Amino acid sequence: MKKLFLSLLLVAAPLLASAQAKYGYFSYGEVFRAMPEYSIAERNLTQLQSQFEAEMKRAEEEFNKKYEEFLEGMQEFAMPIRQKRQAELQELMEKNLSFKQEAQRLLEAARRDAYLPIKEKLKTAIRKIGEERGYALILNTDNDACPYLDPSVSEDITPLLKDQLK
């Protein structure tokens with residue numbers, strides 16, 4: 001990320017050096033979270049996560065019940081039955097772990113898919129404002145990426161983006 005920023009800065013430095021060059025800046029995270037589509041995506045992702053959590057809880061309860069039954073009857077089981085039940089418990093535990101990992105992967109994929117059109121819409125709005133206002137460059141100020149911006153050649157476009165994207 002830093003390399004990309006430095007590369008952009010090196011390319012843009014000659015443009016910024018001229019008296020006519022100006023640039024915009026904004027907080028990507030603030031604008032992104034202010035978009036109505038973001039709230040909808042978050043609500044959908046929360047519902048999906050709740051469904052996965054409910055299924056994981058159900059599977060955990062099933063495992064715990066079978067484990068308790070195994071412990072209660074362990075002394076009475078013949079060795080082949082005990083080994084069979086232990087193998088069943090091991091398999092059930094592995095399936096639960098596998099499901100948990102798959103659920104996490106699916107949630108991450110759903111998050112990427114849900115955010116992609118929102119990010120594209122934001123990118124389009126940034127491009128439009130940049131073209132309309134004649135900016136040589138638009139910077140993302142998140143994560144302290146730009147500790148100083150000269151107000152004589154820069155403008156905070158966060159409010160403009162929020163208004164355009166509502």
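The first residue in the sequence is number 1, and the count goes up from there. The analysis underlying the following values was restricted to heavy atoms, covering all of them including side chains, and did not include hydrogens, waters or symmetry mates. Please read all numbers here as calculations on a predicted model, not as lab measurements.
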Give a yes or no on whether the backbone of E94 and the side-chain of S98 come within a donor-acceptor separation of less than 3.5 Å. no
Please test K95 against E91 for salt bridge (Lys or Arg N to Asp or Glu O under 4.0 Å), starting from the C-alpha separation and ending with a verdict. CA-CA 6 Å; K95 283 181 180 181; E91 182 181 338; 3.3 Å; yes
Do NZ/NE/NH1/NH2 and the carboxylate oxygens of E53 and K57 come within less than 4.0 Å? no
If you look at every heavy atom in P147 and D144, which pair is closest and at what distance? CD-O, 4.1 Å
To the nearest 0.5 angstrom, please state how far the OH atom of Y28 sits from the CG atom of N143. 13.0 Å
Would you say that E72 contacts Y67 through its side chain, given a criterion of any heavy-atom pair below 4.5 Å between the two side chains? no
Could you check whether Y135 and Y23 have their ring centres less than 6.0 Å apart? no
Under a 4.0 Å N-O cut-off, is there an ion pair linking E155 with K22? no
Partner of L160 by side-chain contact (heavy atoms from CB on, under 4.5 Å), out of D163, I157, T158: I157
With a 3.5 Å distance limit and no angle check, can you tell me whether D142 reaches the backbone of S27 through a side-chain donor-acceptor pair? no
Got T141 and F26 here, is their nearest side-chain heavy-atom distance under 4.5 Å? no
Between E55 and R58, does any NZ, NE, NH1 or NH2 come within less than 4.0 Å of an OD or OE carboxylate oxygen? yes
